[in-house]
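Only one structure is covered here, and it is reproduced in the block below.
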Amino acid sequence: MIKQAPLVMIPGPTPVAESIRQAIAIQTYGHTYGGFVAIYKECLAGLKQIFQADHIIVIGGAGTLAMEMGLINTVPAGEDILVVSHGVFGDRFALIANALGIKADVLSCPAGQAVPLAVIEEKLQLKKYKAITVTHVDTSTGTMAQVKEIGRLASRYNTLYIVDGVCASAAVPETMNDFGIDVVVTTCQKAFGTPPGLAMVAFSNRALACRDELGSVRAYYSDWKNWLPIMENPALYFSTPPVNLIAALREAVRIVLAEGLEERYQRHNRIAASMRAGLSAIGLELATSRDDLAPTLSVVKYPEGVEDTAFRAKMEQYDVFVAGGIGELKGKGFRIGHMGNICINEIVITLSAVERALSSNGFAVSPGAAVGAAWETWQSY
Ligand SMILES: *Cc1c(COP(=O)(O)O)cnc(C)c1O
């Protein structure tokens, strides 16, 4: 049978737009060659604008490297940090802190809910923390944190504010000045829609002052000080950047700015509303509380009798990939990424595959019910 490329609707990597895929195919310039220097510079300048960042570092790696860089450059071993965790990725900050000899107090809550602001404030009153870490959107539970409100608390208690933006950046407002964020750690394969392979860290002058106060850090490749001169002038060498991927990210950044940030955030809200109208029309429920939903993904509970492996095998057969549950939701639900450079077409195709896969697994669905509801919401949004 003739097959088109499958639709990858997992919470990262996300579908790669044709112009981004083509951008990778540029000649692999020398990394200090003028043509590439201009590409790197444009990419970094666009990102600074998107985040309202004082500084930005983009290097080969992934989101987890960015998280590690965020901590190792600002918090010395032996200091205390407060980790607000809404799932697997929130907890990851605590694991990284452990590895670095940083003491992490973790605030958690039931899966799919958010830690109340009052609980965070109580902690901040009790102890002086060097930094507070928050996952903007935790991809395991679908929970979106109140990043702006937590920023006010961080500022009131004079604590450095580190945000994991991996599943939010370029889809949800995450402007550093407006929200009082000192460090955003993120990556390229989620809402930027670039193939994986880059770690990105945006930070404030205040965060850089923390790095300076540390003197030296127990890292070399991850040391901001080694990278900042390269980000200022990419004609200098420290370690070879992934030339072709930077060209792809430059194209992704162009797409974001050409669409417009406000328009992009609104498109994500509209997509999420349409997806959820479709899911709810066939009786599917989300694992995330209504107030804490993120526009970038949906974490869906399996209805009685539908089994994880069988359901996702059917989805694959219909050429649509969704992700299984992780953490507390392992085996109990599936996750649909709906972020980046997608639109109503991808939503409709995904919902159609969900209808068919549920139906093949013995769950009664009237054909087109989810698709129709999504379409109606999209039209009337
Ligand atoms: C995907 C993800 C990460 C990890 O990113 P990698 O690129 O896989 O290292 C971290 N945090 C969040 C919120 C994520 O969604």
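Counting starts at 1 for both ligands and their atoms, in listed order. Source: prediction; values computed, not measured. Sequential numbering from 1 along the given sequence is applied to the chain's residues.
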Quick one: do [X] and [Y] end up in the same hydrophobic cluster if we chain Ile, Leu, Val, Met, Phe, Trp and Tyr together by side-chain heavy atoms under 4.5 Å apart?
X    : Y    : answer
V184 : F203 : yes
F363 : L351 : yes
I282 : V348 : yes
L95  : I72  : no

What atoms of ligand 1 come within less than 4.0 Å of a heavy atom belonging to [X]?
X    : value
G63  : 5 (O), 6 (P), 7 (O), 9 (O)
C167 : 15 (O)
T139 : 12 (C), 13 (C), 14 (C), 15 (O)
T135 : 13 (C)

Looking only at protein heavy atoms, which one is nearest to [atom], and what is the separation?
atom                    : result
atom 8 (O) of ligand 1  : Q189 NE2, 4.1 Å
atom 2 (C) of ligand 1  : K190 NZ, 2.7 Å
atom 10 (C) of ligand 1 : F89 CD2, 3.3 Å

Original post:
Is there a donor in the side chain of S298 and an acceptor in the side chain of R276, or the other way round, less than 3.5 Å apart?
Top reply: yes
Subject >> Carboxylate-amine/guanidinium contact K330 D308, below 4.0 Å >> reply: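 The answer is no: the pair does not qualify as a salt bridge.
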Subject >> V166 and ligand 1 - part of the residue with a heavy-atom distance under 4.0 Å >> reply: side chain
Original post:
Is it the side chain, the backbone, both or neither of H136 that has a heavy atom closer than 4.0 Å to ligand 1?
Top reply: neither
Original post:
Would one find more than 12 heavy atoms of other residues, nucleotides or ligands at under 6.0 Å from atom CD of E121?
Top reply: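 Yes, enclosed.
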Original post:
Does ligand 1 have any atom sitting under 4.0 Å from a heavy atom of V137?
Top reply: yes
**OP:** Find out whether V16 and I24 are in side-chain contact, i.e. whether some heavy atom of one side chain is under 4.5 Å from a heavy atom of the other.
**Re:** no
Subject >> ligand 1 to T64 polar contact by distance, N or O atoms, under 3.5 Å >> reply: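 Yes, since at least one N or O of T64 sits under 3.5 Å from an N or O of ligand 1.
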Subject >> D164, any N or O under 3.5 Å of ligand 1 N or O >> reply: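 N/O-N/O distance below 3.5 Å exists for this pair.
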